[in-house]
There are 2 protein chains.
Amino acid sequence: MTAHPELTRNQSLVLRALDKADGPLSAYTILDRLRDDGFRAPLQVYRALEKLQEFGLVHRLESINAFVACAHPNCHGHAMIAFAICQTCGRVDEFSDEVVEERLGKWVSAHRFKPEKTTIEIRGNCAACAGLAERA
Amino acid sequence: MTAHPELTRNQSLVLRALDKADGPLSAYTILDRLRDDGFRAPLQVYRALEKLQEFGLVHRLESINAFVACAHPNCHGHAMIAFAICQTCGRVDEFSDEVVEERLGKWVSAHRFKPEKTTIEIRGNCAACAGLAERA
DNA sequence: CACATGAATGTTATGACATTACATCTGATT
DNA sequence: AATCAGATGTAATGTCATAACATTCATGTG
């Protein structure tokens, strides 16, 4: 458990929506799912998402403009996380790799580049969906 | 020189716009720069970009919704390319790393994931811009 | 208590990025 | 000439994200 402030109502609702979902959600999908809870405007979602990302509870998937709840909400703090995103079923696997991290870190320091955010996303088909495609 | 069909007028114009630019351009910025050449609608740009990406002459930077001309237009064919993107000056460095590629490849085959496109993007500040920030 | 302060929220409008749908043109082939 | 595929032109629409401004709420300080 890393220390972070109590979540506000909006933040809790957004996080719960992502937790309940079986895959990544767009901000507007989250908005639709929270209409009954009083959400009216995109900004309510984006503001909550921003904080949740700061707390490490939510990740943004840059390549598909969507958001997922962190798979390791109790041990967050990884500097670098990679995602495998299934384009068929929406499943997202989150993993980190020290060697990749070290290698990119070496490139970065060799070039005196100051990284702020690193994105590693592999889009394709998960084992189940790739298998289905083969049999078809 | 890898074999690819002759570029059409629109494709040439878009590629030239990206080549002349000193950094990544959004599709709408490209559109604006090609108004005098008869471009009127976003789709003209997006269609050209799609083909240019197929030919390996242009890359899309997922994390900033922009496009760059490939830095190695004569030896393209890399399966996996990483980008370091300076958020201050817009400079983009393109590189590939066999170890990173191998490591991600191992994860992927261990999980029987079939990758279609891999994105590796490091956003931050390049040496020059980070240096300026320090001195400020 | 009164009041200042900072954070979060609510709401409207707008900006930025991308695609659908449909019509037209062009060049190569038969 | 008829046909066909690929490229193009155009309008409309869809999707993602933020700016600007007003309001509310909790908290701490004089």
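Basis for what follows: all heavy atoms, side chains included, without hydrogens, waters or symmetry-related copies. Everything numeric in this text was worked out from a predicted model, so none of it was measured. Letters go in sequence order (proteins before strands), and every chain restarts at 1.
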For residues 15-53 of chain A, which residue pairs qualify under ring-ring contact (aromatic ring centres under 6.0 Å, His included), counting only residues two or more places apart or in two chains? none
Starting at CD of A:E50 and ending at C1' of C:dA7, how long is that distance when rounded to a whole Å? 12 Å
Can you measure B:Q11 atom CD to C:dT26 atom C1' for me and round it to whole angstrom units? 15 Å
Value in whole Å for how far the C1' atom of C:dT26 lies from CD of B:E6: 17 Å
Per the under-4.0 Å heavy-atom filter, residues of residues 59-68 of chain B near DNA chain D come out as none
Pairing of B:K106 and B:E101 as salt bridge, 4.0 angstrom limit: no
Which parts of residues 25-46 of chain B get close to DNA chain C, meaning a heavy atom less than 4.0 angstrom away? B:S26, B:Y28, B:L43, B:Y46
Measure the distance from CG on A:L7 to P on C:dT9 and round it to the nearest whole Å. 10 Å
Do you see a donor-acceptor pair shorter than 3.5 Å between the side chains of A:Q53 and A:H59? no
Between A:R91 and A:D93, is there a salt bridge with N-O shorter than 4.0 Å? yes
Should the pair A:R35-A:D32 be classified as a salt bridge under the 4.0 Å nitrogen-to-oxygen rule? yes
Do B:R47 and D:dG9 have a side chain to base donor-acceptor pair shorter than 3.5 Å? yes
Is the CD atom of B:E54 crowded by more than 12 outside heavy atoms at less than 6.0 Å? yes
Taken to the nearest whole Å, CG/A:L13 to C1'/C:dG10 is 15 Å
D:dG6 phosphate, OP1 or OP2: any side-chain N/O from B:T8 under 4.0 angstrom? no
Using modelled atom types and a 3.5 Å cut-off, is there a donor and acceptor pairing between side-chain atoms of B:T29 and backbone atoms of B:L25? no
With no hydrogens and no angle check, just 3.5 Å: does a side-chain donor-acceptor pair link B:T119 and A:E121? no
